[in-house]
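What's counted below: heavy atoms across the whole structure, side chains too, no hydrogens, waters or symmetry copies.
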Amino acid sequence: MAVEQPQAQVPAPARGGEQTRIHNIGYRNYDGPRLGRAYARRSLYSMSLRGSYGLGRSVKSKVLPMLLFVVMCVPALIMVAVAVATKAKDLPVDYTRYAIIMQAVIGLYVASQGPQSVSRDLRFKTVPLYFSRPIETADYVRAKYAALASALFMLTAAPLLVLYVGALLAKLDFWDQTKGFGQGLVSVALLSLLFAGIGLVISAVTPRRGFGIAAVIAVLTISYGAVSTVQAIAYDQSSTDAISWLGLFSPITLIDGVQTAFLGATSAFPGGDGPSSGQGVVYLLAVLGLVAGCYGLLMRRYRKVGL
């Protein structure tokens with residue numbers, strides 16, 4: 001005879017919805033102010049400028065830019081100390097000459113910070129995310145360009161300020177030093193615009209930071225080495241007219257030519273014969289054309305990336 005087994009009692013669901021609830025976890029509407037493109041552009045500029053010196057990043061990221069900044073300023077401090085101690089009547093180096101002497105340090109800075117500014121956005125594909133907000137291609141390019149140019153200007157203008165303050169402490173002629181300081185600032189401003197554009201254009205080609213660093217160093221170093229070598233050959237062959245025109249094919253010699261023609265600087269060209277005023281106009285147009293060309297290439301590049 002089969003024995004009927006008692007069935008397990010299933011507890012009835014509690015009344016009043018004690019076990020089953022629906023939570024509204026949706027996003028809340030934003031009722032605050034819309035700051036718009038201008039605020040986004042300023043924020044991107046500030047972030048990129050701080051990043052050019054490793055601020056807001058790891059300690060490792062601060063080492064190289066801060067080291068290069070110190071290296072740029074130390075020779076100026078030594079020159080000032082010598083001028084004050086010896087009571088010299090003038091500084092050992094003109095303001096317009098300092099950046100030309102320290103071009104290797106400037107090139108290393110551009111090579112290290114140009115890729116840092118744009119390569120990570122390309123590598124991690126965050127550029128389309130920027131453009132999904134009110135910010136546009138022109139805003140991104142302008143912010144990045146302005147940030148690197150500003151960082152370069154700080155790098156190149158700081159030692160000039162050290163020289164100027166030291167010259168005043170040494171009681172050198174105020175008006176002569178102020179004029180030279182102003183000329184130096186104009187020169188490094190042009191240099192900052194030109195080098196920033198070249199560095200960003202090269203860096204924006206590849207998302208790999210290492211390739212960008214090597215490419216920037218190669219372009220700046222090889223172009224200057226080649227132009228200097230050919231200029232030296234032309235000088236040995238007494239082809240002095242060719243020396244000035246050859247300077248159009250290297251970024252640093254372009255700046256040298258502009259400041260020689262218009263800012264009263266002493267040329268670093270072989271023989272010390274820089275371009276004339278007429279040739280200087282060509283140099284200035286070449287610098288401005290390169291700056292505009294770099295901006296145009298960046299715009300074209302990021303229009304494709306943002307699609």
Task: pair Val216-Ser203: side-chain heavy atoms closer than 4.5 Å - done: yes
Task: Leu91 side chain reached by Met79 side chain, heavy atoms, under 4.5 Å - done: no
Task: Cationic N near anionic O, under 4.0 Å, Lys144 to Asp121 - done: yes
- [ ] Work out which heavy atom in Leu220 is nearest to a heavy atom in Pro251; give both atom names and the distance.
- [x] CD2-CG, 4.0 Å
Task: Contact summary for Val105 and Leu68, nearest pair of heavy atoms - done: CG1-O, 3.8 Å
Open item on the list: Tell me whether Val287 shares a hydrophobic cluster with Leu285, the cluster being built from Ile, Leu, Val, Met, Phe, Trp, Tyr side chains joined at under 4.5 Å.
Closed with: yes
Open item on the list: Return the CD to CG distance between Gln103 and Leu191, rounded to the nearest 0.5 Å.
Closed with: 9.0 Å
Open item on the list: Is a donor from one side chain sitting under 3.5 angstrom from an acceptor on the other, for Ser150 and Tyr45?
Closed with: yes
Task: Closest heavy-atom pair and its distance - Ser192, Ala149 - done: CB-O, 3.5 Å
Task: Considering all heavy atoms, the nearest Phe262-Val281 contact - done: CZ-N, 3.6 Å
Open item on the list: Once rounded to the nearest 0.5 Å, what's the spacing between atom CZ of Arg97 and atom OG of Ser187?
Closed with: 11.5 Å
Task: Side chain to side chain, Tyr140 and Leu298, heavy atoms closer than 4.5 Å - done: no
Open item on the list: Let me check something: do Val186 and Leu155 share a hydrophobic cluster, defined by ILVMFWY side-chain heavy atoms less than 4.5 Å apart, either directly or through other members?
Closed with: no
Open item on the list: Taking the side chain as everything from C-beta on, heavy atoms only, tell me whether Thr137 gets closer than 4.5 Å to Met299.
Closed with: yes
Task: Pairing residues for Ala286 by the side chain to side chain contact (heavy atoms under 4.5 Å, CB included) criterion, not counting sequence neighbours - done: Leu248, Leu254
Open item on the list: Name the residue from Pro275, Pro270, Ser267 that meets the side-chain contact (heavy atoms from CB on, under 4.5 Å) definition with Ile243.
Closed with: Pro270
Task: Ring geometry between Tyr295 and Tyr145 (parallel below 30°, tilted from 30 to 60°, perpendicular above 60°) - done: tilted
TODO: Could you tell me which residues satisfy salt bridge (Lys or Arg N to Asp or Glu O under 4.0 Å) with Arg41, sequence neighbours excluded, listed by chain and number?
DONE: Asp139
Task: Same apolar cluster: Leu169 and Leu163, side chain cutoff 4.5 Å - done: yes
Open item on the list: With a 6.0 Å cut-off (strictly less than), is the heavy-atom count around NZ of Lys179, excluding the residue itself, greater than 12?
Closed with: no
- [ ] Scan side-chain atoms only and decide if Thr260 and Tyr283 contain a donor-acceptor pair under the 3.5 Å cut-off.
- [x] no
Task: Heavy-atom check, side chain of Gln259 versus side chain of Gln183, under 4.5 Å - done: no
Task: Residue pair Leu152 / Gln113, side-chain heavy-atom distance below 4.5 Å - done: no
Open item on the list: Quick one, Gln116 and Arg57 - any side-chain contact, counting heavy atoms below 4.5 Å?
Closed with: yes
Open item on the list: Using every non-hydrogen atom in the two residues, find where Val205 and Arg301 come nearest and quote the distance to one decimal.
Closed with: O-NH2, 3.5 Å
Task: Residue Arg123 excluded, over 12 heavy atoms near CZ under 6.0 Å - done: yes
TODO: Establish whether Leu246 and Leu194 are linked, either directly or via other cluster members, by ILVMFWY side-chain heavy-atom contacts under 4.5 Å.
DONE: no
TODO: Taking the side chain as every heavy atom from C-beta outward, state whether Pro159 and Met102 have any atom pair closer than 4.5 Å.
DONE: no
Open item on the list: Looking only at side-chain N and O atoms, does Gln177 offer a donor or acceptor that is under 3.5 Å from a partner on Tyr95?
Closed with: yes
- [ ] Identify whether Phe174 and Val165 are in the same connected component of the hydrophobic contact network (ILVMFWY, side-chain heavy atoms under 4.5 Å).
- [x] yes
TODO: Would you confirm whether the ring centroid of Tyr53 sits within less than 6.0 angstrom of the ring centroid of Tyr109?
DONE: yes
Task: Spatial distance of atom CG (Asp90) from atom CG (Asp176) [nearest 0.5 Å] - done: 8.0 Å
Open item on the list: Checking Ser46 against Ser43: is there a side-chain donor and acceptor pair closer than 3.5 Å?
Closed with: no
TODO: Please check if the side chain of Ser223 supplies one atom and the backbone of Ser250 the other of a donor-acceptor pair under 3.5 Å.
DONE: no
- [ ] Locate the shortest heavy-atom distance separating Phe249 from Trp245; write the atom from each residue and the value.
- [x] CE1-O, 3.7 Å
